[in-house]
Amino acid sequence: MRTAKNNDENKVVEDANERLLKPYDPSATEDRIYELWEKGGFFNPDICVKAGVCDPDAEPFSIALPPPNVTGTLHMGHAAMLAIEDILVRYNRMRGKKTLWLPGTDHAAIATQSKVEGIIYKKEGKRRHDLGREEFLKRVRQFAQESHDTIVNQVKKMGSSVDWSREAYTLDEKRNLAVRTAFKRMYDDGLIERGYRIVNWCPNCYSTLSDDEVAYQEGAATLYTFKYSKDFPFEIATTRPETKLGDTAVAVHPNDTRYREYIGQTFTADLGHGPQEIKVIGDEHVEPEFGTGALGVTPAHSMTDYEMAQKNNLPIVKVIDERGRMTKEAGSEYEGLKVKEAREKFVIWLKENDLMTAEEKTPQNLSVCYRCGKPIEPLPSRQWFVMVDKPFTITHSNIKGVENESTVTLKELMLKVVENGQIVITPDRFEKVYRHWIDNLHDWCVSRQIWFGHQIPVWYKGALDTTSTEDTREIYVGTEPPQGTDWRQDPDTLDTWFSAGLWTFSTLGWPDNAKTARVGAHGPENDFANFHPTSVLETGYDILFFWVARMILMTTYMLGDIPFENVYLHGLVRDDKGRKMSKSLGNIIDPLDMIATYGADATRMSLIIGTTPGNDMKLSEDKVRAYKRFTNKLWNITRFVAANTANFDQNTPIETAEIDKKLLEELSALTREVTGDIEKFRFYLAGEKLYRYAWHRFADEIIEESKARLAGGDENNKRSTQYMLRTSLLTIIKLLHPFMPFVTEEIWGILKEKDEKPLIVTPWPETR
RNA sequence: GGACGAUUAGCUCAGUUGGCUAGAGCGCACGCUUCACACGCGUGAGGUCGGAGGUUCGAGCCCCCCAUCGUCCACCA
């Protein structure tokens, strides 16, 4: 057995030496190396402890991988994310920390559902209601599974050292339990409420959206000036005439002398669909300079108008329905028409009746759905809301400045953990952005009218009175369905960010193992104690509000703790002209293509060097090619050092020459710098310094100068040179491993002593 | 309307708390198949660091103003 093993090892060395004679070939190396890591179990902190490469009491380091959406494939932004996080993870693992990088995927509710709906419609001409909920969900799950498999393969190709044994999915059983548990507790604490309010409604996606899912599109609109009826005392201006069929008031500025006298009076308007009571109200929000200075108040289809209606006790008339069509309240002539059709028809009517006095172009910031790009229709609807301003008593708090049993709001908690420094955001300018966002935060509408997602854990008994805005049914909220018959579960699902908000702890065994988990004990059942709060949350700045803020909300509330200590935000990856990569522009660079052509190491380096946190980066294939050359350079350096130190016996003592001491000290200084840079999230600097040192210092100068000494007759000088070269290269390889894991591991395999562990678990060079 | 970012070599970008002749990649010119490497080596050209002012012994870096491009947020119907 022993002989066989030795033969195997010798063969591996021979193969390696043979490979060393040719240029470095990533495609012949990377999969083999990844398999070596995976088989060794080095991504799993428990196995690292068992294998003795990590101290059982070592300080933990953990990252929850931002779960990619199962909507398709990974793009360069994901590649950047994986590269940065793998640097952190590998660095900390080499520093001896008990390191966990937990992978997973996100069901991405509305995005995935829309995608699959599109595919089915294109292929079969069917819509989701034609298939029914069960069949449709089956199709979505199948699609999600395929996307998942693609994604897992891509994550591996990048060299990500994630612990696959702990892989999670935002829509699997464990995460579903976490969601139900969280929902119930928030409901019991009064922080989740049902309400009939104005919501952002996308008629195309046929669902509500949160405020953050509303995007704005600049454009021009027509501003129409008209009167409600001939005898109405003044004119109003609007870009949405069709909504005026639902007006119940006109608002003017309280100090506007033109209209002041009318405030409080009620007029009867005639817009061709029956008498319409219009009350004149005063409101500070009205801009006297805009239009006529009088604003038609449509409480059902505008957030601000709704607020005015609340203040003034105005009736709410819904004239647009969920399909984006006019209701019967709009009048029989308009009922069933699309909004645009109704507008055209109503404009003609106004003209025919001599009520229209002006039409002019005006710039407009149109609200659109960030997913499908279609206009949003604000409308009143009965939905579930997370109450961000509602005071509650927090039982247990690890948050600095928040006592146990104190009364707080979700907003206050979210603000506190960043202001007290418990969570540090890099770059720090985003702390201001975050604060500003919270200042403007309203209650979070979490119910969605789609099928794919976590169905809301609420059951109703009895029939819904559709004629009333009140819901009088008996209600049950729980983690399990209620006993008895007649209970019907709420058909809606939760915003995908609700489950994503739990990610840092739902992946660590919460709620099942949260109470029994023990610090220092092995196994996933103890993860919650060992790895929460996580160390770093690394993601793109574009989901600071969507996700980062929601995680902070959920964690501070559910656990009275922070979800992570650091937030590192990277920029968006754009093409070499600064444009967003998109299918329609045809400028997408596929990470897999780059990896196939230049290797994962080169791809990673191209996404690290020359970029700064929070700033967008432009990527060109040239840049990737450049770092491919660097991997080859390292390979050639290795060939030189290996060939010139082949007969070097480490065990015979040598007298290190002064010059070599100096050179090694120079490298120690670099080690200290690079270590500091990584600690402070300056990967771009660390990477560039290593690049420059390896190529332009070590290869161009140190190796060149060593040639004479190696060829000279002074045996000790020669041995000292060999020692210096070998030691330097090994240090360079170690320092570069987090950045370029494959080529460095491969080189390590060639240079290391037989019984040494793989580079991935080799200690980081001394920094003193 | 508010906030933020960018503006450095032909192109894409670095430049960490202000400190010696401002760097990288790609591109360009010339010369090298030199015994680690042509995925390379050597030499070189190329920068008023957006503009104006200020602080300082010293500013690409700090302060003030301006310009251009971009992003986010709020929102006037």
Side-chain angles (χ1 to χ4, degrees), chain A residues 20-26 211-212 214-216 221 223-225 236-241 243-244 247 250-251 283 285-298 301-305 308 362-365 367 427 429-430 432-433 435-437 439-441 541-542 544-545 571-572 574-578 598-599 602 605-606 608-612 614-644 673 676-677 680-682 684-689 691-692 695-696 699-700 703-704 706-707 711 725:
Chain A
L20 201 47
L21 294 175
K22 299 176 202 143
Y24 177 67
D25 180 5
D211 294 346
D212 296 289
V214 179
Y216 297 95
L223 185 67
Y224 300 94
T225 304
I236 61 150
T238 182
T239 54
R240 303 247 357 227
T243 64
K244 301 298 104 181
D247 279 11
V250 130
D283 195 290
H285 292 289
V286 180
E287 195 66 58
E289 306 303 318
F290 188 91
T292 61
L295 160 67
V297 179
T298 320
H301 302 287
S302 154
M303 299 280 179
T304 47
D305 292 10
M308 291 185 207
T362 182
Q364 190 195 33
N365 221 354
S367 307
R429 60 184 147 93
F430 281 101
K432 196 174 166 184
V433 177
R435 271 198 290 271
H436 185 247
W437 179 79
D439 288 344
N440 287 304
L441 185 63
Y541 66 78
D542 54 328
L544 175 63
F545 308 143
L572 273 39
R574 298 172 177 275
D575 77 357
D576 57 355
K577 292 182 185 68
Y598 306 108
M605 282 297 257
S606 72
I608 297 298
I609 295 181
T611 70
T612 39
N615 288 331
D616 293 352
M617 51 189 120
K618 290 174 195 161
L619 184 73
S620 64
E621 197 168 332
D622 274 350
K623 198 173 169 189
V624 188
R625 189 183 297 120
Y627 292 110
K628 165 63 177 67
R629 290 181 180 157
F630 180 56
T631 59
N632 198 52
K633 188 71 184 181
L634 290 172
W635 195 243
N636 289 320
I637 290 170
T638 304
R639 185 185 307 140
F640 177 86
V641 173
N644 285 285
E673 262 189 66
D677 286 336
K680 293 190 173 77
F681 302 111
R682 298 189 297 236
Y684 52 106
L685 276 179
E688 191 173 341
K689 283 173 186 169
Y691 176 94
R692 284 177 68 178
W695 198 318
H696 300 300
D700 289 353
I703 283 185
E704 286 307 318
S706 77
K707 286 177 180 172
L725 287 173

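Chain A is the first sequence line, chain B the second, and so forth, proteins listed ahead of strands; every chain is numbered from 1. Just so it is clear, the structure is predicted and the values come from calculations on it, not from any experiment.
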> Which is true for A/Asn365 with a 4.0 Å heavy-atom rule: it touches a base, it touches only sugar-phosphate, or it touches nothing?
Replying inline: base
> Looking at A/His696, does any N or O in its side chain come under 4.0 Å of the phosphate oxygens OP1/OP2 on B/G42?
Replying inline: no
> Taking the side chain of A/Asp622 as heavy atoms from C-beta outward, which of B/A24, B/C26, B/C37 is closest to it?
Replying inline: B/C26
> Side-chain donor-acceptor pair under 3.5 Å between A/Arg629 and A/Asn632, yes or no?
Replying inline: no
> How far, in whole Å, is B/G40 from B/A36 if one measures between their C1' atoms?
Replying inline: 10 Å
>> Considering every strand and a 4.0 Å limit on heavy-atom distances, what is the contact class for A/Arg692: base, sugar-phosphate, or nothing?
In response: sugar-phosphate
> Under 4.0 Å between a side-chain N or O of A/Thr304 and OP1 or OP2 of B/C76?
Replying inline: yes
> B/C63 and B/C4: how far apart are their P atoms, nearest whole angstrom?
Replying inline: 12 Å
>> Quick check on the 6.0 Å ring-centre criterion: do A/Tyr627 and A/Tyr598 meet it?
In response: no
> How far does the C1' atom of B/C39 sit from the matching atom of B/G25, given to the nearest Å?
Replying inline: 14 Å
>> It should be established whether A/Lys633 places a side-chain nitrogen or oxygen under 4.0 Å from OP1 or OP2 of nucleotide B/C41.
In response: yes
>> Between B/C37 and B/A45, how many Å separate the two P atoms, rounded to a whole number?
In response: 29 Å
> With sugar-phosphate meaning primed atoms plus P, OP1 and OP2, does A/Arg429 contact a base, only sugar-phosphate, or nothing at under 4.0 Å between heavy atoms?
Replying inline: sugar-phosphate
> Do A/Tyr541 and A/Asn615 have side-chain atoms, one donor and one acceptor, less than 3.5 Å apart?
Replying inline: no
> Is B/C30 paired to anything, Watson-Crick or G-U wobble with both distances less than 3.5 Å, and if yes, which nucleotide?
Replying inline: B/G42
>> Using a 4.0 Å heavy-atom cut-off, does A/Val286 contact any base of the nucleic acid, only the sugar-phosphate backbone, or nothing at all?
In response: base
> How far, in whole Å, is B/A38 from B/A6 if one measures between their C1' atoms?
Replying inline: 38 Å
> When we call it a touch if two heavy atoms are under 4.0 Å apart, what does A/Lys707 touch: a base, just sugar-phosphate, or nothing?
Replying inline: base
> With a 4.0 Å cut-off on heavy atoms, is A/Thr631 in touch with a base, just the backbone sugar-phosphate, or nothing at all?
Replying inline: nothing
> Would you say B/G40 has OP1 or OP2 under 4.0 Å from some side-chain N or O of A/Arg629?
Replying inline: yes
>> If I pick the P atom on B/A9 and the same atom on B/G47, what distance separates them, to the nearest angstrom?
In response: 10 Å
> Closer than 4.0 Å, any side-chain N/O of A/Trp695 to the OP1 or OP2 of B/C41?
Replying inline: yes
> Just checking A/Ala642: base, sugar-phosphate only, or nothing, at a heavy-atom cut-off of under 4.0 Å?
Replying inline: nothing
> When the C1' atoms of B/C11 and B/G18 are considered, how many whole Å apart are they?
Replying inline: 29 Å
> The side chain of A/Lys628 lies closest to which of these nucleotides: B/G5, B/C39, B/U16?
Replying inline: B/C39
> Using the C1' atom in both, what is the distance from B/C62 to B/U21, to the nearest Å?
Replying inline: 24 Å
